[in-house]
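Values below: all heavy atoms of this structure, side chains included; hydrogens, waters and symmetry mates excluded.
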Amino acid sequence: GECRECEAGTKQSKDTTFCESVLCPANAKRMGPLCMCLAGYQGQVQWNGESYTGTCQPCGDGFHSMENKPCAAVDCPENSVGHPHCACAAGFFGSIEWKASLGQFAGTCARCPEGFSSTQGSAQCVQ
């Protein structure tokens, strides 16, 4: 048979009879011969001729990425402040938490009733 080089993302099998796919690193997926970081991760993955090098690291709390894009800040929900550890603003109550698997904050902050107040991050209002 005739020898030919394997394409990017593949390498010769142990018995050298065919080219086999090389797995992408953790938190990356294959797009043609390239490996791209999944949504919620960022990094660089490159093919060096025989394997993929580089890593895809998770975005921190309050940050998210689309597939193969850098992590970016996710805005705090309405009536909350203090990114990346968003909490209800003074005069509002409730709870906010980061849901990394969704790439968004969960929870709400409602205005305190008239005659009541709260400090930043309060779960309830006081008279």
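A donor-acceptor pair under 3.5 Å links the side-chain atoms of His83 to the main chain of Gly62, judged by distance alone. In this structure a side-chain-to-backbone donor-acceptor pair under 3.5 Å is missing from Arg30 to Ser21.
In this structure, Cys71 and Gln42 approach most closely via the heavy-atom pair N-OE1, 2.7 Å. Minimum interatomic distance between Gln124 and Ser118 (heavy atoms only, all atoms of both residues): O-CB, 3.8 Å. For Phe92 against Asn79, the heavy-atom pair with the smallest separation is CE2-CG, 3.3 Å. Pairing each heavy atom of Cys56 with each of Ala28, the nearest pair is SG-CB, 3.8 Å. Taking each heavy atom of Tyr41 and Cys37 in turn, the nearest pair found is O-CB, 4.0 Å. Between Trp47 and Gly9 the shortest heavy-atom distance is CE2-N, 3.3 Å.
Phe18 contributes atom CZ, which lies 4.0 Å from atom OG of Ser13 (distance to the nearest 0.5 angstrom). The SG atom of Cys6 lies 11.5 Å from the CD atom of Glu50; values are rounded to the nearest 0.5 Å. For the atom pair Cys59 SG and Lys69 NZ, the distance stands at 13.5 Å (nearest 0.5 Å). Interatomic distance, Gln44 CD to Gln57 CD, rounded to the nearest 0.5 Å: 12.5 Å. The distance from the CG atom of Leu23 to the OG atom of Ser51 is 11.5 Å, given to the nearest 0.5 Å. Remark: Gln120 CD to Cys86 SG distance equals 10.0 Å, nearest 0.5 Å.
Cluster annotation: Val45 is not connected to Leu38 through the hydrophobic network of ILVMFWY side chains, with a link wherever side-chain heavy atoms come within less than 4.5 Å.
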Donor-acceptor pairs are to be reported for all side-chain atoms of residues 95-112 against protein atoms at under 3.5 Å, with residues two or more places apart or in another chain.
none

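Counting non-hydrogen atoms of neighbouring residues, nucleotides and ligands closer than 6.0 angstrom, the CD atom of Glu78 reaches no more than 12 such neighbours.
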